[in-house]
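Sequence positions, counted from 1, serve as the residue numbers for this chain. Only a predicted model underlies this, so the values are computations on that prediction, with no experimental measurement involved. For ligands, and for the atoms within them, numbers begin at 1 and follow the listed sequence.
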Amino acid sequence: MNTRVLTGITTTGTPHLGNYAGAIRPAVRASTQSGVDAFFFLADYHALIKCDDPARVARSRLELAATWLACGLDPERVTFYRQSDILEIPELTWLLTCVTPKGLMNRAHAYKASVDANAEKGVDPDDGVTMGLFSYPILMAADIVMFNAHKVPVGRDQVQHLEMARDIADRFNRLYGGDFFVLPEVQIEEDVATLPGLDGRKMSKSYNNTIPLFEGGAAALRAAIMRIVTDSKQPGEPKDAESSHLYTLYRAFATTAESEAFRSRLEAGMGWGDAKQALYEKLEGELAPMRERYDALIANPARLEEILMAGAAKARKLATPAIERLREAVGLRNLNAGVVKKAVKAEKASKGARFVSFREKDGSFRFRLMAADGNELLTSIPYADAKLAGAAMKRLPSEATLQVQADGFAALLDGATVAASAPGAAIEAAQAALDSLIGD
Ligand code: TRP
């Protein structure tokens, strides 16, 4: 089976040069590799979390679809679709929501950042926080596991979301006792270009320092380049290429030899005006043919709609049978499909990691943490009373810190040891078992 690589693009803005060099160009190139099945989609449900301006969402979907295609994405080769055309995704989101502990979502960076900002302002912690924002990682998990993606290329800010997707998928697999989902791996793009914006900070919509990719045509591209901040050195004065944003931008689009030549000219005193003109010509050379395709696509939304609907049909060929299997697994079954078995309480405990409590001869209470495979991981200290043992057991998954010690490892609560490792147990296995029990 080919490696499935999947990534989503939130449809809230107009793509700029930084998006192109940092995300679009590398993704389009990667999608042509052999042995890879690429899935690219417009995350338009995610857009609704961030943006309540319908015109902006609608325009962004159009611009992003046109941009990716104009930049060379081949919809025959890649599965290219809109998230909101895959009806199975919100359905899967609900199935996953029902197995996701609230405590896991409480830890999401984006949610915590909102809560912290509210605390600083002295308002209610959840002020302005929608359930969309809170559940954002579950929708993202559904995007990924719907297609059993193996690899998910994203920026660093998305790493936690990927960990959550793995966690949620793993819980579902254990709870319903099957390999329903592949656990996805994050793929951090280490060496893609991060472009400086007009003011030298990272090019970003939020800094208002972007160079447009296609919108506004060659004139807007040139006008933006002319606004790039430089030092005040005059023509004829030698310039330091390394500290110049112009040079960094140029390099992201030129061959090594071209970059070297550009650098020498700067060092020999090329004026900033001429340097900007050279950068403009370099960029225009790469972008002009794509812009032509972009303009043609924007002018033909019916064609774009057709391409995206064909992509959705291709994606749903996989999603429809997958969701049927999942509905079956959770008990949303056709009543007519044979005798419906009388409910037997699923033996949840035998499927995943679990705690077992026991009583010592001296009357004290203890518990053990067992791995899914039945191996013993931790044994607690003796407690005088079953309630205390129960309380410690409850707190352990989300609150314990594991600490390596001379003869194994220990689990600590409030700085005090409450359980010690079993002989031969691995700390990673104990951590994984505890993680899997959060919220149980
Ligand atoms: N959250 C991602 C971002 O902001 C976009 C996204 C939504 C995504 N669903 C995804 C990325 C699934 C990868 C896989 O960049």
Side-chain angles (χ1 to χ4, degrees), residues 3-16 18-28 30-31 36-51 56-57 60-61 63-65 67-68 73 78-86 88-93 96-97 100 105 108-114 130 132-169 181-189 192 194 202-206 311-312 315 318-319 322:
T3 305
R4 282 195 183 163
V5 179
L6 173 145
T7 199
I9 311 105
T10 310
T11 56
T12 45
T14 298
H16 55 69
N19 301 138
Y20 171 73
I24 304 172
R25 187 172 61 183
V28 170
S31 73
V36 167
D37 285 339
F39 292 69
F40 290 135
F41 69 96
L42 303 176
D44 48 3
Y45 280 138
H46 277 106
L48 301 184
I49 295 169
K50 295 187 191 156
C51 177
R56 185 147 141 232
V57 171
S60 178
R61 289 161 105 228
E63 289 177 352
L64 276 162
T67 298
W68 280 77
L73 191 74
V78 169
T79 308
F80 184 51
Y81 56 96
R82 281 174 296 212
Q83 183 186 32
S84 66
D85 285 327
I86 315 301
E88 291 80 2
I89 287 183
E91 186 168 2
L92 176 56
T93 301
L96 298 181
T97 299
T100 302
M105 296 298 98
H109 298 321
Y111 169 68
K112 280 204 331 210
S114 298
T130 63
L133 175 68
F134 188 64
S135 310
Y136 185 109
I138 313 180
L139 176 58
M140 183 158 159
D143 291 332
I144 298 168
V145 302
M146 179 87 261
F147 300 104
N148 279 325
H150 301 102
K151 296 224 158 105
V152 183
V154 284
R156 289 211 171 279
D157 60 325
Q158 300 293 317
V159 170
Q160 190 195 32
H161 289 152
L162 259 292
E163 283 164 7
M164 291 179 161
R166 286 175 67 89
D167 199 338
I168 295 168
F181 301 122
V182 165
L183 304 189
E185 265 168 50
V186 66
Q187 197 172 31
I188 298 292
E189 304 291 328
V192 300
T194 308
K202 178 183 177 206
M203 193 182 294
S204 157
K205 196 174 52 176
S206 43
L318 300 166

Within ligand 1, which atoms have a heavy atom of [X] less than 4.0 Å away?
| X | answer |
| --- | --- |
| Leu6 | 14 (C) |
| Thr7 | 11 (C), 13 (C) |
| His46 | 7 (C), 9 (N) |
| Ile144 | 12 (C), 14 (C) |
| Val152 | 13 (C), 14 (C) |
| Thr10 | 3 (C), 4 (O), 5 (C) |
| Ala43 | 7 (C) |
| Val154 | 11 (C), 13 (C) |

Next on the checklist: I want to know if ligand 1 touches Tyr136 in the polar sense, i.e. an N/O pair below 3.5 angstrom.
Outcome noted: yes
Checklist entry - Is there a nitrogen or oxygen of Asp143 sitting under 3.5 Å from a nitrogen or oxygen of ligand 1? => result yes
Can you tell me if [X] uses its side chain to pair, donor with acceptor, with the backbone of [Y] under 3.5 Å?
| X | Y | value |
| --- | --- | --- |
| Gln160 | His109 | yes |
| Ser60 | Thr12 | yes |
| Arg166 | Pro184 | yes |

Checklist outcome for this item: Quick look: Phe147 vs ligand 1, heavy-atom contacts under 4.0 Å, and the answer is neither
Is the shortest heavy-atom distance from the side chain of [X] to the side chain of [Y] under 4.5 Å?
| X | Y | result |
| --- | --- | --- |
| Asp143 | His46 | yes |
| Pro137 | Met105 | yes |
| Ile89 | Leu139 | yes |
| Leu318 | Arg4 | yes |

Next on the checklist: Ring centres under 6.0 Å, that's the criterion: do Tyr81 and Phe147 meet it?
Outcome noted: yes
Item to check | Protein contact to atom 6 (C) of ligand 1 [nearest heavy atom, distance to 0.1 Å] | outcome: Gly8 O, 3.9 Å
Next on the checklist: Looking only at protein heavy atoms, which one is nearest to atom 2 (C) of ligand 1, and what is the separation?
Outcome noted: Gln158 OE1, 3.5 Å
Item to check | Distance-only donor-acceptor check, side chains Asp44 and Ser84, under 3.5 Å | outcome: yes
